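Not measured: the values here are computed from a predicted model.
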Amino acid sequence: MASPRILLCGDVLGRLNQLFKRVNSVNKSAGPFDALFCVGQFFPDEPDRLDELMDYVEGRAQVPLPTYFIGDYGVGAPKVLSAVSRNSANQGFKMDGFKVCDNLFWLKGSGMFTFHGLSVAYLSGRQLSNGQQFGTYSQIDIDTLRAFAEEPGIVDFFLSNEWPSGITNRATASDIPAGISDSSGSDSTVSQLVAEIKPRYHIAGTKGAYYAREPYCNVDAVHVTRFLGLASVGNKGKQKFLHALSPTPSSTMAAAEISAKPPNTTLSPYTLVDQVDRPKETTKRASDIGLDSQYWRYDVSSKRQKHGNGDTNKVCFKFISSGTCPRGEKCNFPHDADAREQFLRGVCLDFIIKGKCEKGPDCNFKHSLQDDGENHSRKRPGSSNANANRSKECWFCLSSPNVESHLVTSIGENFYCALAKGPLVQDHVLIIPVEHMPNTLSLPADSEIELGKFQNSLKVYYKNQGKEAVFFEWISIRGTHANLQAVPVPSSKAAILKDIFTLAAEKLGFEFVTKKFSNNSEGRKWLRTQFDKNFSCFYVELPEGPILLHLIEENEKFPAQFGREETENKEGSDEKLSIVIGGKQKTISLI
């Protein structure tokens with residue numbers, strides 16, 4: 001199969017006629033090309049060119065090939081993109097682009113998708129400023145990309161608007177365009193992300209200059225990265241704004257091809273590593289310190305206690321926000337369970353860690369610590385409006401302004417489906433009650449019919465991909481809004497799931513009660529008979545009918561992230577053994 005042919009463009013600035021005239025010319029002489037990826041400001045920088053843009057948006061002119069853009073700011077952007085967001089065809093989780101018109105797609109926020117075998121990651125907009133709705137990225141967008149960076153595989157393209165700070169470090173001075181500096185149009189956040197994502201190609205705009213940097217090595221990766229900065233369409237200096245590539249997808253490349261390093265390869269511009277092939281070290285490297293920065297976000301008060309060898313004034317942001325940290329016990333920052341619990345109760349993350357929130361009244365989260373009773377699942381006497389208030393603050397209530405509606409894939413009468421915000425694997429789905437309920441077992445019995453339909457639909461979907469569905473739910477007496485997790489695992493690994501759960505239970509000192517049923521309906525009927533609202537519990541619905549249940553005693557310490565952790569095997573081998581599904585599909589194995 002031939003490699004996909006891609007065109008790359010810098011800031012369009014609304015000059016679509018000039019851009020597509022050039023694209024048509026290149027397509028005729030060297031094409032056909034499969035797509036055009038645009039970085040930098042896509043919308044006009046002055047009102048006079050808005051009509052030109054609207055001719056394409058409203059169908060009076062045709063976009064000649066699939067075109068994707070991330071520069072969602074400029075004249076007319078709020079009006080156009082607001083209409084795009086309201087379009088019913090763009091509802092749900094669409095990392096591969098919101099359709100603006102035929103052949104024109106807006107890559108919103110951040111994400112990753114596959115195009116003709118190429119893995120494409122992107123960060124839309126610029127750093128958040130002045131509460132703008134469009135043209136900016138948020139901390140959630142950053143965390144989403146960091147989650148993708150932890151997944152196996154190599155990213156072929158990373159698209160950003162602004163250049164990364166430090167990209168000219170260690171580069172040949174004579175190749176750097178005149179007037180280029182890190183003080184203008186560069187973004188340190190992009191630098192951090194690209195150092196973690198390690199793409200084969202990083203494409204950026206906004207500086208108004210063309211710059212093809214020498215390839216550079218990545219830390220902890222065998223492949224090199226090539227940075228390409230593109231000028232704006234119609235620039236006065238006639239610098240290059242359109243570039244063509246035909247890369248072979250990394251997923252189909254041989255190891256020798258991926259690890260090949262051209263003679264002009266430099267060290268990474270983002271680290272202080274002194275050599276390309278680093279020897280094993282027993283002391284902490286400067287690059288490790290840099291990578292640690294992704295796990296904490298803010299300084300904390302002097303009340304925080306030092307944790308291990310970590311920093312006295314910082315806590316693990318990854319753990320607080322997601323409940324898990326890929327570094328586990330090796331993390332240099334405290335995994336503060338109390339802070340995590342407050343975060344789950346809807347308390348503002350800034351308030352938890354800093355003691356104050358800079359957003360003030362504009363923040364949608366609570367600015368006071370919540371005691372155990374405030375989020376208790378049962379209604380307290382004299383609090384008839386408790387559920388209504390929680391619904392406004394709850395991330396899972398569809399009526400809440402905080403609900404992430406772009407993740408929602410299907411809505412029924414009693415339940416809805418949404419993609420997991422921090423997925424363990426691709427197609428990790430949550431089945432969530434529409435009503436603000438603490439678990440799925442306390443809903444009316446007739447709601448089980450609809451739940452069964454959702455589960456069966458997911459089973460069929462996973463089966464078509466050669467996978468099986470695993471459903472599990474952690475029910476806490478302090479729970480707020482229930483979610484039943486649905487995770488696909490390869491059919492070849494399904495038979496060992498029970499053994500993995502059993503091993504995990506042994507390590508925590510308990511045994512599952514195991515029952516096998518002919519279908520989901522019978523199994524869930526049994527679960528409802530075992531459920532006691534005065535106790536927490538954890539259960540798993542495995543492929544082919546087995547159900548594992550553990551009722552948690554009042555004083556028992558049970559990890560809330562059970563089912564998402566990793567542990568070593570019994571012999572103490574360095575090879576990781578996943579509890580349930582690990583966090584990455586490749587870790588599912590038994591020694």
Side-chain angles (χ1 to χ4, degrees), residues 6-27 33 35-87 90 97-109 122-130 132-137 159-163 184-185 187 190 203-211 228-244:
I6 306 296
L7 287 174
L8 304 164
C9 180
D11 303 63
V12 177
L13 301 176
R15 298 185 175 101
L16 295 180
N17 290 340
Q18 184 175 351
L19 169 62
F20 291 139
K21 180 179 179 180
R22 178 63 177 151
V23 166
N24 285 330
S25 175
V26 172
N27 213 21
F33 287 89
L36 169 65
F37 293 149
C38 300
V39 295
Q41 183 173 334
F42 187 80
F43 287 81
D45 54 355
E46 54 187 41
D48 292 347
R49 280 196 294 274
L50 184 57
D51 288 343
E52 181 178 330
L53 171 74
M54 296 308 296
D55 283 344
Y56 290 90
V57 172
E58 295 174 354
R60 291 184 292 275
Q62 302 302 312
V63 180
L65 80 170
T67 299
Y68 299 80
F69 69 89
I70 58 173
D72 48 1
Y73 52 94
V75 177
K79 178 180 178 181
V80 171
L81 299 181
S82 292
V84 171
S85 299
R86 291 193 300 267
N87 189 330
N90 288 326
F98 285 48
K99 184 177 179 180
V100 178
C101 62
D102 287 344
N103 271 348
L104 184 60
F105 302 92
W106 167 35
L107 298 175
K108 179 182 179 182
Y122 60 87
L123 179 65
S124 183
R126 299 167 293 183
Q127 281 187 311
L128 185 63
S129 61
N130 300 325
Q132 297 176 15
Q133 183 179 4
F134 301 108
T136 60
Y137 61 78
L159 311 177
S160 70
N161 289 310
E162 295 175 305
W163 286 29
S184 175
D187 189 338
V190 174
I203 317 298
T206 70
K207 284 216 176 185
Y210 173 77
Y211 177 43
L228 186 66
L230 292 166
S232 58
V233 175
N235 66 89
K236 293 181 179 179
K238 296 186 177 180
Q239 294 195 55
K240 187 174 183 180
F241 66 81
L242 196 66
H243 187 84

For residues 56-66, the side-chain hydrogen bond (donor to acceptor under 3.5 Å, both in side chains) pairs (sequence neighbours left out) are N17-Y56, D55-R60, E58-R60
Practice prompt. Find out whether W163 and Y211 are in side-chain contact, i.e. whether some heavy atom of one side chain is under 4.5 Å from a heavy atom of the other.
Written response: yes
When rounded to the nearest 0.5 Å, the distance separating CZ of F241 from CG of L230 is 10.0 Å
Rounding to 0.5 Å, atoms CD (E162) and OG1 (T206) come to a distance of 5.5 Å
Value for CG (L19) from CG (L36), rounded to nearest 0.5 Å, stands at 5.5 Å
Between K108 and Y122 the two heavy atoms that sit nearest each other are O-CE1, 3.5 Å
Indicate yes or no for a side-chain donor-acceptor contact from S232 to the backbone of D11 under 3.5 Å, with no hydrogens or angles considered. no
(Q) Check whether N87 reaches the backbone of V84 with its side chain - one donor and one acceptor, N or O, closer than 3.5 Å. (A) no
request  = Examine the side chains of N103 and T67 and answer whether a donor and an acceptor come within less than 3.5 Å of each other.
outcome  = no
When you compare the side chain of D102 with that of L104, does any pair of heavy atoms fall below 4.5 Å? no
Problem - L159 vs L123 side-chain heavy atoms within contact, under 4.5 Å - result: no
Legend entry - Side-chain heavy atoms of V39 within contact of L8, under 4.5 Å: no
Original post:
Sub-3.5 Å donor-acceptor pair from the side chain of N24 to the main-chain atoms of F20, do we have one?
Top reply: yes
Margin query: If we ignore hydrogens and angles and just use 3.5 Å, is the side chain of R49 paired with the main-chain N or O of L13 as donor and acceptor?
Written below: yes
- Does any donor atom in the side chain of W106 or D72 lie under 3.5 Å from an acceptor atom in the other side chain? yes
Rounded to the nearest 0.5 angstrom, the CZ-CZ distance for F42 and R15 is 13.0 Å
message: Quick one about Y137 and N161 (side-chain donor to acceptor, distance below 3.5 Å, no hydrogens or angles considered), yes or no?
response: no
With side chains defined as the heavy atoms from C-beta onward, is the minimum distance between L65 and F33 less than 4.5 Å? yes
Please work out which of the three classes, parallel, tilted or perpendicular, describes the rings of F43 and F69, given edges at 30° and 60°.
perpendicular
On a heavy-atom basis, the closest approach of V75 and D45 is CG2-C, 4.0 Å
dist Q239:CD -> Y210:OH (nearest 0.5 Å) comes out at 10.0 Å
Here the gap from Y68 atom OH to C9 atom SG, rounded to the nearest 0.5 Å, amounts to 16.0 Å
Closest non-hydrogen atoms of V190 and S160, given as atom of the first, atom of the second and distance, are CG1-OG, 3.7 Å
